[in-house]
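Throughout, protein chains are lettered first and strands after them, A, B, ... in sequence-line order, and every chain is numbered starting at 1. All values below were derived from every heavy atom in this structure, side-chain atoms included, with hydrogens, water molecules and symmetry-related copies excluded.
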Amino acid sequence: MNKKFTEAIYELLRTVPQGKVVTYGDLAKAAGSPGAARAVGLAMKNNPDAPHTPCHRVVAADGSLHGYSGAGGVNRKREMLIAEGVEFYGDRVDLVTARWNLLS
DNA sequence: AAAATGACGGTGT
DNA sequence: TACACCGCCATTT
């Protein structure tokens, strides 16, 4: 425990409503360490609190999907987001409309 | 305690 | 736009 970083990531991630997404960088910044985007992704892979944490709503800074520990990989992740109402632009998420503000 | 890892981000080609 | 390289940070081994 103690790992406040990962813990903060989960907390913030839980605030993201369905149909919205956040980037690793924004998540890291909101957690208190801008630039730790990699650490954010690691937290998802190493300890995905599963259904408790919507890790599938986390996308790259350019809106593209990077990875997913769940079944189906990024492929499943993409379809999951579409099912939630996230507007996709090819294989990229429309961050212009689907990006969630972590500050709210 | 030190080194290696990884679901990133930005820039260059 | 796609691919490659470097730099960044926290976690894991």
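As rounded to whole Å, 14 Å separates atom P of B/dG9 from atom NZ of A/K29. Atoms CG (A/D26) and P (B/dG9) sit 9 Å apart, rounded to a whole Å. When rounded to the nearest whole Å, the span between CG of A/L65 and C1' of B/dG6 equals 17 Å. Per the geometry, CZ belonging to A/R38 stands 9 Å off P belonging to B/dA7, to the nearest Å. What separates CG of A/L81 from C1' of B/dA7 is a distance of 13 Å, to the nearest Å.
A heavy atom lying under 4.0 Å from DNA chain B marks the following residues of residues 57-64 of chain A, by number: A/A60, A/A61.
Nucleotides of DNA chain C with any atom under 4.0 Å from a heavy atom of chain A span, from 5' to 3', C/dT1 to C/dT12.
Going from atom NZ of A/K20 over to atom OG1 of A/T97 covers 6.0 Å, rounded to the nearest 0.5 Å. Atom CD1 of A/I9 and atom OG1 of A/T53 lie 10.5 Å apart (nearest 0.5 Å). Atoms NE2 and CG, on A/H52 and A/L13 in that order, are 10.5 Å from each other to the nearest 0.5 Å. The OG atom of A/S69 sits 8.5 Å away from the CG atom of A/N46 when rounded to the nearest 0.5 Å.
A/H56 pairs with exactly one of A/E84, A/R78, A/E79 by the side chain to side chain donor-acceptor pair (under 3.5 Å) rule, that one being A/E84.
In the set B/dA7, B/dG6, B/dG9, the nucleotide with an atom closest to the side chain of A/K77 is B/dA7.
Listed for the A/R57 side chain is a donor-acceptor partner under 3.5 Å among the backbone atoms of A/V16. Between the side chain of A/Y10 and the main chain of A/A43, a donor-acceptor pair closer than 3.5 Å is present. Formation of a donor-acceptor pair under 3.5 Å by the A/K45 side chain with backbone atoms of A/G67 is not found in this model.
A donor-acceptor contact closer than 3.5 angstrom is absent between the side chains of A/N101 and A/S104.
Taking for each of A/R92 and A/P34 the nucleotide of DNA chain C with the nearest heavy atom, the 5'-most of the two is the partner of A/R92.
Counting any heavy atom pair closer than 4.0 Å across all strands shown, A/A39 reaches a base atom.
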